[in-house]
Participant: 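Here you go, one structure.
Within every chain, numbering begins at 1; the chains are lettered A, B, ... in the order of the sequence lines, protein sequences first and strands thereafter.
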Protein chains: 2
Amino acid sequence: MHDDIDPRSPVPLYEQIAARIRVAVAAEEYRAGDALPSVRQLSSTLRVNPSTVVQAYRDLEREGFVEMRHGAGTFVQAMAPAVREQERMRQARDLVRSLLADAARLGIGAADVARALTDEMGVPSHE
Amino acid sequence: MHDDIDPRSPVPLYEQIAARIRVAVAAEEYRAGDALPSVRQLSSTLRVNPSTVVQAYRDLEREGFVEMRHGAGTFVQAMAPAVREQERMRQARDLVRSLLADAARLGIGAADVARALTDEMGVPSHE
DNA sequence: ACTACTGTATCGTAACAACCATACAGTCGC
DNA sequence: GCGACTGTATGGTTGTTACGATACAGTAGT
């Protein structure tokens, strides 16, 4: 439960925070209906500005992970596994599309990308 | 040979210019050893600042497409097809790695990404 | 060497993103 | 209804990126 959060990382604080919550929810560390730490509470334990936590929570809300209720708190959303799966695939599709757009600008086709991906998956050198 | 370049696009001008040159080189519109338009010349025909063209040319130089010779001009590099292929795969690998990093932050695994990619490739609905 | 071209380096400006500070507004237990 | 908690909205600071303006430096034909 130590920091996990690194202000000097190139990835924004609010993304680090959101990622942290996502895995906690995925690991059922939080159940549907549970309240997340309040904005101020989490911001003080992480030594971060409340607004930064808000930004993380808002991202999670857009993705359907949580619901923010004015004056009450932020609660994890119930979500059928099938729906969650579907949502994950939608995000994956968006990621892949922007990747292909970037690749095209470099003169790299989808086939090359696919090859590189299978190469990366086949060699689990990290982690 | 008209503009192709759109200042209002979210993709930077220098990237649009670099992309334009890449396809021209790939299409053998320029051959190895040929001189590209000079920085000032291209910048004036594109109605763009010389520095912007320089940035594009520098990117192309980093990628090994061209060579900038101070006082002489910018020339397309000779490059064996095998080397070019290898270079393309290296770039594809880098793209895929950063994609997987992004995906991980969203709780999306490589398997989901692979599925999304094959879906996108299988259904050429756009363009 | 001079001149007219080349690329190079440096600085400034505008737009944007991340983060913070602070005031505002709703909810709920007492 | 009051008080202590919640999230919300607004504005400012800082750092980064894209783009431009302008001065510097190398090359080559004459």
Side-chain angles (χ1 to χ4, degrees), chain A residues 3-21 30 33-77 98 101-102 105-106, chain B residues 3-21 30 33-77 98 101-102 105-106:
Chain A
D3 270 9
D4 281 344
I5 259 52
D6 176 18
R8 294 177 310 178
S9 163
V11 317
L13 289 177
Y14 73 89
E15 274 199 38
Q16 295 183 47
I17 296 169
R20 193 179 137 90
I21 309 273
Y30 291 113
D34 284 0
L36 261 51
S38 81
V39 167
R40 284 167 184 74
Q41 186 178 331
L42 185 56
S43 76
S44 88
T45 69
L46 293 182
R47 308 289 195 142
V48 151
N49 191 285
S51 302
T52 303
V53 174
V54 168
Q55 196 170 355
Y57 279 10
R58 288 182 59 129
D59 279 13
L60 293 169
E61 189 175 41
R62 262 195 308 102
E63 297 164 10
F65 277 87
V66 305
E67 181 191 9
M68 305 178 80
R69 286 211 293 269
H70 195 167
T74 301
F75 305 86
V76 327
Q77 280 282 37
S98 76
D102 290 348
R105 261 182 251 120
L106 295 171
Chain B
D3 271 9
D4 281 345
I5 261 50
D6 177 16
R8 293 177 311 179
S9 163
V11 318
L13 290 177
Y14 74 90
E15 273 198 40
Q16 295 182 46
I17 296 169
R20 191 178 138 89
I21 309 273
Y30 292 114
D34 285 359
L36 261 53
S38 80
V39 167
R40 284 167 184 74
Q41 186 178 330
L42 185 56
S43 77
S44 89
T45 69
L46 293 181
R47 309 289 193 143
V48 151
N49 191 284
S51 302
T52 304
V53 175
V54 168
Q55 196 170 355
Y57 279 12
R58 287 182 58 129
D59 279 13
L60 293 170
E61 190 176 40
R62 263 196 306 101
E63 296 164 12
F65 277 88
V66 305
E67 179 191 9
M68 306 179 80
R69 287 211 293 268
H70 195 164
T74 301
F75 306 85
V76 328
Q77 281 282 38
S98 76
D102 290 349
R105 259 182 252 121
L106 294 171

Participant: Just the rounded figure in Å: distance from C1' of D:dT8 to CE of A:Met68.
Facilitator: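 Taking CE of A:Met68 and C1' of D:dT8, I get 8 Å after rounding.
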Participant: Partners of A:Glu15 by side chain to side chain donor-acceptor pair (under 3.5 Å), sequence neighbours excluded?
Facilitator: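 Per chain and number, A:Glu15 pairs via side chain to side chain donor-acceptor pair (under 3.5 Å) with B:Arg105.
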Participant: Pairs under 3.5 angstrom, nitrogen or oxygen only, protein versus nucleotides 2-4 of chain C, please.
Facilitator:
none

Participant: In this structure, how many angstroms lie between the P atom of D:dA18 and the CD1 atom of B:Ile5, rounded?
Facilitator: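 Value for this atom pair: 15 Å.
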Participant: Not counting sequence neighbours, list each pair that qualifies as a salt bridge (charged side-chain N to carboxylate O under 4.0 Å, His left out) and has a residue in residues 33-43 of chain B.
Facilitator: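 Pairs touching residues 33-43 of chain B that pass the test: none.
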Participant: State which residue, out of B:Ser44, B:Ser43, B:Ser38, fulfils the side chain to side chain contact (heavy atoms under 4.5 Å, CB included) condition with B:Gln41.
Facilitator: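 Running side chain to side chain contact (heavy atoms under 4.5 Å, CB included) over B:Ser44, B:Ser43, B:Ser38 with B:Gln41 returns exactly one hit, B:Ser38.
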Participant: Do A:Ile21 and A:Phe65 make a side-chain contact, defined as non-hydrogen atoms from C-beta onward lying under 4.5 Å apart?
Facilitator: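 With C-beta onward as the side chain, the pair stays apart.
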Participant: For residues 50-58 of chain A, run the donor-acceptor check on the side chains, cut-off 3.5 Å, and write out each pair with its distance to 0.1 Å, sequence neighbours left out.
Facilitator:
| unit_1 | atom_1 | unit_2 | atom_2 | d |
| --- | --- | --- | --- | --- |
| A:Ser51 | OG | A:Asn49 | OD1 | 3.2 |
| A:Tyr57 | OH | A:Pro37 | O | 2.7 |

Participant: Could you run down nucleotides 17-30 of chain C 5' to 3' and tag each one B, S or - for protein heavy-atom contact under 4.0 Å?
Facilitator: -SSBB-B-BBS---
Participant: Identify, with sequence neighbours excluded, every residue that meets side chain to side chain donor-acceptor pair (under 3.5 Å) alongside B:Glu63.
Facilitator: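 Here the qualifying residues are B:Arg22.
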Participant: May I have the distance from B:Tyr57 (atom OH) to C:dT8 (atom P), rounded to whole angstrom?
Facilitator: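 So the two atoms are 12 Å apart, to the nearest Å.
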Participant: Are any of the side-chain heavy atoms of B:Leu13 and B:Leu46 separated by less than 4.5 Å?
Facilitator: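 The answer is no, as the side chains (C-beta and beyond) never meet within the 4.5 Å cut-off.
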Participant: Please give, in whole Å, the distance from C:dT6 C1' to B:Leu42 CG?
Facilitator: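 Rounded to the whole Å, the gap is 14 Å.
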Participant: What integer distance in Å separates A:Phe75:CZ from D:dC5:C1'?
Facilitator: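 After rounding, the reported distance stands at 12 Å.
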Participant: Just how far is it from atom CG of B:Leu60 to atom CD of B:Gln77, taken to the nearest 0.5 Å?
Facilitator: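 One finds 11.5 Å between CG of B:Leu60 and CD of B:Gln77.
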Participant: Looking at B:Ile5 and B:Arg20, what are the two nearest heavy atoms and their distance?
Facilitator: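 Scanning both residues completely, I find the closest heavy atoms to be CD1-CD, 4.0 Å.
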Participant: Using whole Å, what does the distance between atom C1' of nucleotide D:dG20 and atom CD1 of B:Ile17 come to?
Facilitator: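 Rounded to the whole Å, the gap is 13 Å.
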Participant: Find the distance B:Gln41:CD to C:dT6:P and express it as a whole number of Å.
Facilitator: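 Rounded to whole Å, this separation is 6 Å.
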Participant: Rounding to an integer number of Å, can you tell me how far A:Arg62 CZ sits from D:dG7 P?
Facilitator: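 It is 18 Å, rounded to the nearest whole Å.
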